[in-house]
S.K.: 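One structure coming up, written as structure tokens, with questions to follow.
Here is how names work: the chains are called A, B, and so on, in the same order as the sequence lines, proteins then strands, and each is numbered from 1.
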Amino acid sequence: MSNTSIDQIKILFDDILKHQLAQDTWHWLSASVKDSNATAETFTRIPRKTGKSLVKLSAPDEQSLRELNNATMHDWTVDRLARVWLLMNLEEKDKTKYIRQTETLFAGAEVSELVALYTALPYLSFPEHWMAQCAEGIRSNISDALQAIMCNNPYPAAWLDERAWNQMVLKAFFTDKPIHLIIGLDERANRELANALSYYAHERWAASRTVNPQLWRCVGKFIDEKLFPDIERIAASENSLEREAAALACNDSSYQPAKELLNQFPGSKQSITAGQLTWGTLAEKISTNKN
Amino acid sequence: MCCSNNLTEKDLKPGIDVTFYQDRIKGMRFFDPHVHMTSRTTDDYQAMADAGVVGIIEPAFWLGQPRTGLSTFTDYYSSLVGWERFRASQFGIKHYCTIGLNSREANNEPLAEQVMEILPRFIYKEGVVGVGEIGFDDQTAAEEKYYRLQLELAKEAALPVQIHTPHRDKKRGTTRSMDIAVEHGLQPSMVIVDHNNEETVKEVLDRGFWAAFTIYPFTKMGNERMVAIVEEYGPERIMINSAADWGISDPLAVPKTAALMKERGLSDETIRLVTYQNAIAAFAQSGQINEEDFMAIGSIDQSSKFEGNTILRGGQQPRIDKNSIIIK
């Protein structure tokens, strides 16, 4: 993220947060952020001061947020926003101190603190430093913490190397996260990941377990003679969502047999051209089915 | 870990083999203010949820053998507010904890000094409802020193104190624990004196402290004795816990005792006070318990609590059929 956009985000977060807080809470927080020796205490105390109601975002704020960093505050509580704000505004002149302080917060965090810390990854100073912490977070099994990294978070796509990125996407499927909320899912698709996901699908099939149809979203562009039989298999599925996923994957592919396979489903092909069938509409159907 | 995309209502339903005592406490909800879940399995969580336990407090304690370094304390406290809280949430149980340096390990003074330094980092965390369990074991000078220091810490943080009373020389140890708390200016209403028995209860109640009883086979209270105590003293300021841990203990001690009280004819209101409300009232003085977080859980009939109800859905784990030899 460029310096300009981080500055703009800071201004936007200031504005949003101010509107969620009582005036004296806002004063307490903006005074506390200046005392770098009290950071841990302030960070921990935030929910006692702010409460934990859901953030109410105005339509223009929501729009600006999406334009600036492609993220949303859907499901954020006020304490989470205030903690992220605090982390964005910490004194950063002394790099060693900044890093030590922030790492200490990670080390002793309770569940909602972890969520706030990982949510704040894209806004921390020295962004290159937090790759290992992000990868460490992906190893966690606390589902809220995982979701804070995986979903609606621009940091992983921007900073993780391919190995760590692929681990994250695989783990998102393993732990049944809302895949479509992973920022950069299409842009960072790669052959290695496509193959790993295919292995994963084969394991699931061998165990007579279902496979999330969105998995093929990460595979389409890399269909070759090895991956094509998977697509043929789901194209013949009894589950209409899997057939739709097969059509979409074929549509993403330049592999000739995949194109021919799509031609066998003129209805789906037409819906894709008309924009009525997309990975987005498929994701929506999957989440509706779950609820 | 679950990775099924196809959870159905059936997967979440309680097992049909409800034991006889659960019939008597159907629809009641329980709060166990002392249970060491890090030592227990998911089967225990499931059984507790099925029996109506909606909230628990896990006091920081001794892990069965002494720790040798500060990091293991840090990691332990972190796990109480992190991983264990998450584990409980998977079963619809609200997990709180108390943080403190236990009396046995207070005897390792160089380490105790370091632990005292990190305690302030944890006691203000969300869901930390007190300083505990602290107090006496051998009743040594070192134990007394760190007990006093932690009373000061609790006072400073305006948190309740959960006192572990010693197994040996219990009566005198209990009196001394209360004397010292009063000496440090703590209100008895902010102090929960734990592991009481027939010999200690009168003084604890007379002096205005909360009296907690641990139903723990062989070494602490049995629940028939417990019923007799409630019959004699009434329900005011009395609470029951399981203190289930790595020893032979029973995480269902609270619901089982409620069932026994019901059988012996104690009123529903009395049962509610000693197995739920009193513990919440005592520890809610921390400002960290929001009863609404788990009200909705227990007010619904256990056998149908998942029907058409999405409260527990976040992270809810699918149920496995324990009686089947097939594992899918």
S.K.: Between chain B and each of A/Asp144, A/Thr44, A/Val111, A/Ile142, count heavy-atom pairs under 4.5 Å; write down the option with the most.
M.R.: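 Result: the option with the highest number of such pairs is A/Ile142.
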
S.K.: Is a salt bridge present between B/Glu126 and A/Lys52, judged by a nitrogen-to-oxygen distance below 4.0 Å?
M.R.: yes

S.K.: Please find the pair of heavy atoms, one from B/Ser78 and one from A/Ala107, that lie closest to each other, and give the distance.
M.R.: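 Answer, listing the atom of B/Ser78 first, then A/Ala107: OG-O, 3.3 Å.
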
S.K.: Please round to the nearest 0.5 Å and tell me the distance separating atom CZ of B/Phe86 and atom CG of A/Leu114.
M.R.: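 Here the interatomic distance stands at 11.5 Å.
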
S.K.: Tell me whether the count of non-hydrogen atoms from other residues, nucleotides or ligands lying under 6.0 Å of NE2 in A/His74 goes above 12.
M.R.: no

S.K.: Between A/Glu41 and chain B, which part of the residue has a heavy atom less than 4.5 Å away: side chain, backbone, both or neither?
M.R.: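 Neither part.
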
S.K.: Are the side chain of B/Lys125 and the backbone of A/Gly108 linked by a donor-acceptor contact shorter than 3.5 Å?
M.R.: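 Checked: pair present.
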
S.K.: Got a sec: does the CD of B/Glu156 have more than 12 other heavy atoms crowding it under 6.0 Å?
M.R.: no

S.K.: Can you pull out the residues in residues 80-91 of chain A with any heavy atom less than 4.5 Å from chain B?
M.R.: A/Arg83

S.K.: How far does CD of A/Glu110 sit from OG of B/Ser79, to the nearest 0.5 angstrom?
M.R.: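 A/Glu110 atom CD to B/Ser79 atom OG measures 13.0 Å (nearest 0.5 Å).
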
S.K.: Heavy-atom cut-off 4.5 Å, strictly under: side chain, backbone, both or neither for A/Ala207 against chain B?
M.R.: neither

S.K.: Is there a donor-acceptor pair under 3.5 Å between the side chain of A/Arg48 and the backbone N or O of B/Tyr124?
M.R.: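 Flag set: sc A/Arg48 to bb B/Tyr124 pair under 3.5 Å.
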
S.K.: Is chain B contacted by the side chain of A/Ala109, its backbone, both, or neither, given a heavy-atom distance below 4.5 Å?
M.R.: backbone

S.K.: Heavy-atom distance under 4.5 Å to chain A: side chain of B/Phe122, backbone, both or neither?
M.R.: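 Side chain only.
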
S.K.: Taking atom CD of A/Glu103 as the centre, report whether more than 12 heavy atoms of other residues, nucleotides or ligands fall under 6.0 Å from it.
M.R.: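 Atom CD in A/Glu103 is packed in, count exceeds 12.
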
